[in-house]
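Report on one structure; see the data block that follows.
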Protein chains: 2
Amino acid sequence: MIEGRMETRTAILRAARTLFLERGYAGASVRSVASAAGVDAALPIHYFGTKQALFLEALPSMPDYQPLLEGDPDDLGERFVRYVLEEDGHLRPLYLTLLRASDAGAVGEQLRDLHETTFVAPLESRLAGQDAELRARLAAAVVGGLMYALWVVGDDQLLAKGEDDIIRRYGALLQHLIDDRL
Amino acid sequence: MIEGRMETRTAILRAARTLFLERGYAGASVRSVASAAGVDAALPIHYFGTKQALFLEALPSMPDYQPLLEGDPDDLGERFVRYVLEEDGHLRPLYLTLLRASDAGAVGEQLRDLHETTFVAPLESRLAGQDAELRARLAAAVVGGLMYALWVVGDDQLLAKGEDDIIRRYGALLQHLIDDRL
DNA sequence: AGGCTACATTCAACACTGTTGAATGACCAG
DNA sequence: CTGGTCATTCAACAGTGTTGAATGTAGCCT
């Protein structure tokens, strides 16, 4: 058995992170989280107040795009596309879980916040030319669209066209936005 | 009271369509659908077998993009962007509801199917140049990205930049893909 | 040591969910 | 009038998030 306030809290958080990412928000019950944490069924709510609050606190943080942004600015578009295609399995479940739970108000805010702080803002600071903010936001939409097509819709026939062509074409598209060539 | 097999079925379907679009899949309970239809609580399941089956049957069909595709091919990009921005309120709730319920296998398939038949396929048939299928799929991702940014993330600051600039820039981006100029 | 407080944990219960199967009712053919 | 078909009702099931009271246990003060 687990003892002590902090140990219990973190055990619950760890179990919640795993289960939410594995089964989604609705699919992971509070009781299943509790039992995976080896803890009484009422403790998750007791510690976090609400399933939604537990969900928000349990989610892992977004990967850091900083390394992506720092390289050669002429390859930025390709690097972003490549990153989505070759991602190591951390971003995808987080993205899908957040997406699908985004009708709950607080989750929507969290998603907006992550979008803003981990994507739009750092990208905008790298953009020269006019309408930098607008272009950063549109670039975020373009990248989001790729994740949408691949992960939400599950367009396998797009993937089957070959990653190289996707990287080339979609990367070039993104690069046009980044370079203000439109 | 409602009588007869068909009347009951369609009353349930109508109520389900409204409630699912209004409150989402999880937010609309089977009982609430039944009571909105003025019908016993057990009837929706009795007629459709499962909440998910009712959901799939109740969803309205996707709007028809045919008119969008038929105009001047040089404006296709702008027209698609304009359509998303000025849409009359039918597409958005349908898109969001499907998205958020897409972890259920059958809903995911439905989403993939709609994406394919109402978007990729008709667009592909309009594309000249090489890699038409790839470009059609990427174009679908671009448009999906705009809906994602505006509706899922809720990027109001993007909207605040002015619809005209969005239409111009994002439309031009899409047009590049359509025209095979990359 | 004994009694006390503070607090982590357990338990039982609430209203609600999707789903099921048996009971009820109405209508229509013979 | 009888029997049968079938739409509808009802009660119940296990599971959900959430709550509040009961239980236990650790440590501090006199």
Side-chain angles (χ1 to χ4, degrees), chain A residues 1-59 97 100-108 110, chain B residues 1-59 97 100-108 110:
Chain A
M1 284 297 130
I2 287 119
E3 69 205 36
R5 171 155 203 127
M6 245 22 204
E7 285 82 352
T8 303
R9 257 189 76 101
T10 61
I12 293 171
L13 278 177
R14 277 207 1 226
R17 176 149 47 238
T18 309
L19 288 181
F20 278 135
L21 290 182
E22 241 171 32
R23 311 184 190 167
Y25 179 76
S29 74
V30 170
R31 281 171 170 90
S32 76
V33 167
S35 102
V39 134
D40 185 85
L43 281 182
I45 298 292
H46 177 253
Y47 274 102
F48 298 92
T50 255
K51 184 188 185 184
Q52 199 187 111
L54 169 61
F55 176 72
L56 288 172
E57 210 156 332
L59 283 189
T97 307
R100 287 169 176 153
S102 65
D103 53 344
V107 180
Q110 167 106 341
Chain B
M1 285 298 129
I2 288 119
E3 70 206 35
R5 172 154 203 126
M6 244 24 203
E7 285 81 352
T8 303
R9 257 188 76 101
T10 61
I12 292 172
L13 279 177
R14 277 207 1 225
R17 177 149 48 236
T18 309
L19 287 181
F20 279 135
L21 291 183
E22 243 171 32
R23 311 184 191 169
Y25 180 76
S29 73
V30 170
R31 283 172 170 90
S32 75
V33 168
S35 103
V39 135
D40 185 84
L43 282 183
I45 298 291
H46 179 252
Y47 274 103
F48 298 92
T50 256
K51 185 188 183 182
Q52 198 187 114
L54 170 61
F55 176 71
L56 288 173
E57 211 157 329
L59 283 188
T97 306
R100 288 170 176 152
S102 65
D103 52 345
V107 179
Q110 168 105 340

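Owing to the predicted nature of the structure, the values given are computational and were not obtained by experimental measurement. Below, all heavy atoms of this structure are taken into account, side chains as well, without hydrogens, waters or symmetry copies. Chain letters run A, B, ... following the sequence lines, proteins first and then strands; every chain starts at 1.
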- How many Å lie between CG on A/Leu43 and P on C/dC7, as a whole number? 16 Å

- State, yes or no, whether a side-chain contact exists between A/Thr97 and A/Phe55 at a heavy-atom distance under 4.5 Å. yes

- Respond yes when some side-chain nitrogen or oxygen of B/Thr50 is under 4.0 Å from OP1 or OP2 of C/dG18, and no when none is. no

- Task: Would you name the heavy atoms of A/Ala58 and A/Ala16 that are closest together and state the gap between them?
- Result: CB-CB, 3.7 Å

- Message: To check you understand the geometry: which heavy-atom pair defines the closest contact between B/Ala36 and B/Leu19, and what is its length?
- Response: CB-CD1, 3.9 Å

- Take the protein atom CZ of A/Arg23 and the nucleotide atom C1' of D/dG15, then report the distance between them rounded to whole Å. 14 Å

- Measure from CZ on B/Phe55 to C1' on C/dT19 and round the result to the nearest Å. 19 Å

- Message: Are B/Leu59 and B/Leu21 packed together at the side-chain level, in the sense that at least one heavy-atom pair is separated by less than 4.5 angstrom?
- Response: yes

- Message: If the helix axis at each end comes from five base pairs, how far does the helix from C/dA1-D/dT30 to C/dG30-D/dC1 deviate from straight, to 10°?
- Response: 30°

- Item | Check: A/Thr50 side chain, A/Ala53 main-chain N or O, donor-acceptor pair, under 3.5 Å | no

- Query: Any side-chain heavy-atom pair from B/Tyr47 and B/Leu13 closer than 4.5 angstrom?
  - Reply: no

- Task: Of all the heavy-atom pairs spanning A/Gln52 and A/Ala104, show the shortest one and how long it is.
- Result: NE2-CB, 3.4 Å

- Task: Work out which heavy atom in B/Val39 is nearest to a heavy atom in B/Pro44; give both atom names and the distance.
- Result: CG1-CD, 4.4 Å

- Message: Testing the basics here: between B/Ser102 and A/Arg100, what is the closest heavy-atom pair and its distance to 0.1 Å?
- Response: OG-NE, 3.0 Å

- Message: Between C1' on C/dA12 and NE2 on A/His46, what's the gap in Å once rounded to a whole number?
- Response: 16 Å

- Message: If I take atom CG in residue A/Asp40 and atom P in nucleotide D/dG17, what distance separates them, rounded to the nearest angstrom?
- Response: 14 Å

- Message: Base contacts versus sugar-phosphate-only contacts with protein, heavy atoms under 4.0 Å: please encode nucleotides 20-25 of chain D as B, S and - from 5' to 3'.
- Response: ------

- Message: Could you walk me through whether A/Ile12 and A/Phe48 satisfy the side-chain contact (heavy atoms from CB on, under 4.5 Å) test, starting with their C-alpha distance in whole Å, then the side-chain angles of each, then the deciding distance to 0.1 Å, before giving a yes or no?
- Response: CA-CA 10 Å; A/Ile12 293 171; A/Phe48 298 92; 3.7 Å; yes

- Short question: side chain of A/Thr10, backbone of A/Met6 - any donor-acceptor pair under 3.5 Å? yes

- Item | Closest nucleotide among D/dG17, D/dT8, C/dT9 to the B/Thr8 side chain | D/dT8

- Note on the structure: Whole-Å distance, A/Met6 CE to C/dT9 C1', equals 17 Å

- Message: Expressed as a whole number of angstroms, how long is the span from A/Leu19:CG to D/dG17:C1'?
- Response: 16 Å

- Task: For residues A/Ala11 and A/Ala37, report the shortest heavy-atom separation together with the two atoms involved.
- Result: O-CB, 3.6 Å

- Item | Nearest-Å distance for atom pair CD1/P, residues A/Ile45 and D/dG15 | 18 Å

What nitrogen or oxygen pairs link the protein and nucleotides 4-6 of chain D at under 3.5 Å?
none

- Task: Name all pairs fulfilling the salt bridge (charged side-chain N to carboxylate O under 4.0 Å, His left out) condition that reach into residues 49-58 of chain B, sequence neighbours left out, sorted by first residue then second.
- Result: B/Arg9-B/Glu57

- Item | Pairing residues for A/Glu22 by the side chain to side chain donor-acceptor pair (under 3.5 Å) criterion, not counting sequence neighbours | none

Atom pairs under 3.5 Å: protein N/O with N/O of nucleotides 14-17 of chain C:
| residue | atom | partner | partner atom | Å |
| --- | --- | --- | --- | --- |
| C/dT17 | OP1 | B/Ser29 | OG | 3.2 |

- Would you please confirm or rule out a distance under 4.0 Å between OP1 or OP2 of C/dT9 and any side-chain N or O of A/Tyr47? yes

